[in-house]
Amino acid sequence: SGVSGGANVIVNNTGGITGILVTGVDLGATSVVTNDGSIAGGLSGLIAGATTTVDNTGSIVGTSLNGISLGATGTVVNARSGSIYGGSTGVVEAATGKLVNAGNITGATGDGVDLAATGTVNNAASGVITGGLAGISGAASGTISNAGSITGLGGDGIDLAATGIVINATGGRITGALAGVVEAATGIVVNAGTIAGATGYGVDLTAGGIVNNAGTISGGNGTAVHFGGTGGSLLVVDPGAVFNGNVIAAGTGNTLELAAGTGSIGKYAANFIGFQAIVVDAGAHWVLSDANDIAAAAITVAPGASLTYNGIVYGTPLVATASSITLAAGSSLENAGTVGTLSGVDIGANGAVLNTGTIVGTTLDGIDAGAGGAVTNTPSGTISGGGTGVAFGANGNVYNASSITGTAGNGVALGAGSTLANFSTVHGGSSGVEGGANVLVTNILGAAPVIVPGSISGTVFNDLNADGIK
C-alpha cells in the first residue's frame, strides 16, 4: 500500500500516493482523507473503516477492484473536479453511507456505486456515475437524489433490493441497459427528468409503491412503469409528463392522480392498465383523449378541477363509463355514457348532474346529492338505484324527462324545500316520491315537442291519488 494506518488517521494529499500491488491508502475507522492530488492502488484506491470521511477534488483509482471502499456511516464528497475509478466498482459504502458527487465516478466492470446497506447518494447536475453493470445498486433501502447522469451500461440504472426513494430532478438522467430504476420492495420514484430502460421497464416497483412523474419515463420493453405487488399503488401525473410505453399496475386499490395544472393523456384505456380510481386534484384540468372508456374506475374531482373525456367535461362539468363518480361540493357532471356499479354518482352540496346517458347504482342509490344542487334527466337519460333512484338534501331540484327508478327504496327522495318537475316516469319500490317539509312536486304533461302524461308510482305506498307520493 502507498499509505497504511490505523484508526483516527488524517491524510492530506496534494501530490501522488501509489500502492502498486494492493491499495493506495488503507486506513482504520474514523479517519479523514482530503485528496487534491492522485491516489492509486493495484487493487483498490482507498479503503477505510467506519465513519471515515473522504473529500476528493483530485483522482482516486483502484485498478482492478474498487476506487473507494468505506465501512459503515462513511462519507464521500467528490467535487466537480474529482474523479473516482474502480476496475470493478467505483465506490462501495457499507451501512448508512453517504455519497455526494459533482464529479465523475466509474465502476468499469461492476457498479458505479454499491450501497452495501442503507445509504444515500446525492448526484449533482455536473455529476456522472457510470457502472459496467448498474449505475447504482443497493443491497438494502437507499435514498438517491439525482440532477446529473446515472448510467448502468450492462444492468439497471438504479437497482435497490429493498424499500427506496429515488428523486430525479429536472435535467437528471437515469438510464439502464435493462431497466431505468428497479426497487424490489415498496418504493417511491419522483421524476422531473428522464428515466429510461433500454430493454426493460423504465421504472419497475416490484412490490408496488408511488411514482410521481413530471418528466419522461421510457421502457424499451413497451412498459414505462410497472407496479407489482398486490395493489395500493399510486401514480401521480403532472402536466407535461411523458410515458413512452404503458403503465401497468397489478392488484387492486391502485390510483391514478392527476396533479394541478393543465395536461392530457392519450389512449388512456389502452395505456393505463389496472387503476381502480382516478383522482383529479384541486386546480387540475385534464383531458383523457382517444379513450373509449374508463371502466371500473371510481372518479373523484376536487372543487374547481375538471376532467374532459371524449369531448365531454366532468368536474366543473365528464363523463364516462365508470364504476362510480364522486364529485366535491359545487362540482358538476355531464354524463353521456354509463356510470355505476354498487353506487352511481355521489355529489356534494350545490352540485349539478346533467344526464343524457345511464346512471345506475345496483345496490345503493343512483344519485346521492347534497343540499342545494340540481339533477336534470333528459329524454335519453336513465337513472336507477338498487336503493333510491335520486336522493337529495334540502333545497334540491330534480327535472325528469325520462325514467328514474328506486328498486327497493324511493324513486326520488327530496329534502325540505326541494322541487321535482316530472314529465315522464318515476317509480319506487317503496314510494315513488318521498319528501320533507315544503316540497313542491309537479307531475304534469311532458314539455313540447313530446306531449305525454307524467307518471309517479310506488309499489308499497300509493297514498295520493294513485300517484305514489308520500
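Considering N213, V189, V211 as possible partners of I195, the one that fulfils the side chain to side chain contact (heavy atoms under 4.5 Å, CB included) test is V189. When each of L70, T73, V32 is checked for a side chain to side chain contact (heavy atoms under 4.5 Å, CB included) with T51, only T73 meets the rule. The side chain to side chain contact (heavy atoms under 4.5 Å, CB included) test with I383 singles out one residue from V345, V398, N377, and that residue is N377.
With T388 contributing its side chain and G366 its backbone, the two residues share no donor-acceptor pair below 3.5 Å. Although no hydrogens or angles enter the test, the distance criterion places no donor-acceptor pair under 3.5 Å between the side chain of E183 and the main chain of V181. The backbone N or O of G209 sits less than 3.5 Å from a side-chain atom of S233, completing a donor-acceptor pair. At least one donor-acceptor pair closer than 3.5 Å links the side chain of N35 to the backbone N or O of G37. A donor-acceptor pair under 3.5 Å is absent between the side-chain atoms of D238 and the main chain of A259, judged by distance alone. At distances below 3.5 Å, at least one donor-acceptor pair connects side-chain atoms of S64 with backbone N or O atoms of G42. Formation of a donor-acceptor pair under 3.5 Å by the N146 side chain with backbone atoms of A124 is not found in this model. No side-chain donor-acceptor contact under 3.5 Å links N246 to the backbone of I248. Of the possible donor and acceptor atoms, none in the side chain of N271 sits under 3.5 Å from a partner among the backbone N and O of G245. Checking side-chain atoms of S88 against main-chain N and O of L65 turns up no donor-acceptor pair under 3.5 Å.
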If you look only at distance, which donor and acceptor atoms sit under 3.5 Å apart when one is on a side chain in residues 133-142 and the other is two or more places apart or in another chain?
| residue | atom | partner | partner atom | Å |
| --- | --- | --- | --- | --- |
| S137 | OG | D111 | OD2 | 2.6 |
| S141 | OG | T118 | OG1 | 3.2 |

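Counting heavy atoms from C-beta on, the side chains of V225 and F243 come closer than 4.5 Å. The shortest side-chain heavy-atom distance between T130 and L153 falls under the 4.5 Å cut-off. Contact check for I359 versus T382: no side-chain heavy atoms found under the 4.5 Å cut-off. Using a 4.5 Å heavy-atom cutoff, the side chains of V113 and I144 are not in contact. Taking 4.5 Å as the limit, some side-chain heavy atom of V121 sits within range of a side-chain heavy atom of L115. Taking 4.5 Å as the limit, some side-chain heavy atom of V247 sits within range of a side-chain heavy atom of L235. Considering only heavy atoms from C-beta on, V54 comes within 4.5 Å of L46 through its side chain. Residues I84 and N104 form no side-chain contact, since every pair of their non-hydrogen atoms from C-beta on lies 4.5 Å or further apart.
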Checking side chain to side chain contact (heavy atoms under 4.5 Å, CB included) for the pair I150/N123: CA distance, chi angles, key distance, verdict? CA-CA 8 Å; I150 298 173; N123 193 43; 3.9 Å; yes
As a quick check of understanding, evaluate side-chain hydrogen bond (donor to acceptor under 3.5 Å, both in side chains) for D36 and T57, giving each step before the final call. CA-CA 5 Å; D36 192 32; T57 56; 2.6 Å; yes
Between V33 and N13, is a side chain to side chain contact (heavy atoms under 4.5 Å, CB included) present by the stated rule, with each step listed? CA-CA 8 Å; V33 177; N13 178 49; over 6 Å; no
Audit row: E257, D281, side chain to side chain contact (heavy atoms under 4.5 Å, CB included) steps and yes/no: CA-CA 7 Å; E257 181 177 338; D281 290 347; 2.7 Å; yes
Audit row: T376, N355, side chain to side chain contact (heavy atoms under 4.5 Å, CB included) steps and yes/no: CA-CA 6 Å; T376 300; N355 182 47; over 6 Å; no
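A search for side chain to side chain donor-acceptor pair (under 3.5 Å) contacts involving S402 returns nothing, not counting sequence neighbours.
Atom OG of S31 and atom CG of N8 lie 6.5 Å apart (nearest 0.5 Å). In this structure, the separation between CG on N244 and OG1 on T223 is 12.0 Å, given to the nearest 0.5 Å. Taken to the nearest 0.5 Å, the CD1 atom of I210 stands 9.5 Å off from the OG1 atom of T186. If you take CD1 on I60 and CG on N78, they are separated by 7.0 Å, rounding to the nearest 0.5 Å. Separation of atoms CG (L21) and CG (L43) is listed at 8.0 Å; rounding is to 0.5 Å. Taken to the nearest 0.5 Å, the OG atom of S44 stands 12.5 Å off from the CD1 atom of I39.
When all heavy atoms of F392 and A374 are compared, the closest pair comes out as CZ-N, 3.4 Å. Nearest heavy atoms, N101 versus V128: ND2-N, 3.6 Å. The minimum heavy-atom distance linking V166 with I174 is given by the pair CG1-CD1, 3.9 Å. Taking all atoms of both residues into account, the shortest heavy-atom contact from A177 to T199 is O-OG1, 2.8 Å. The two residues G71 and A94 make their nearest non-hydrogen contact at C-CB, 3.5 Å. Across T63 and Y85, no two heavy atoms sit closer than the pair O-CE2, 4.4 Å.
Between F227 and F275, the ring planes lie perpendicular to each other; the angle is over 60°, past the 30° to 60° tilted range.
No more than 12 heavy-atom neighbours from other residues, nucleotides or ligands sit within 6.0 angstrom of CD1 on I20.
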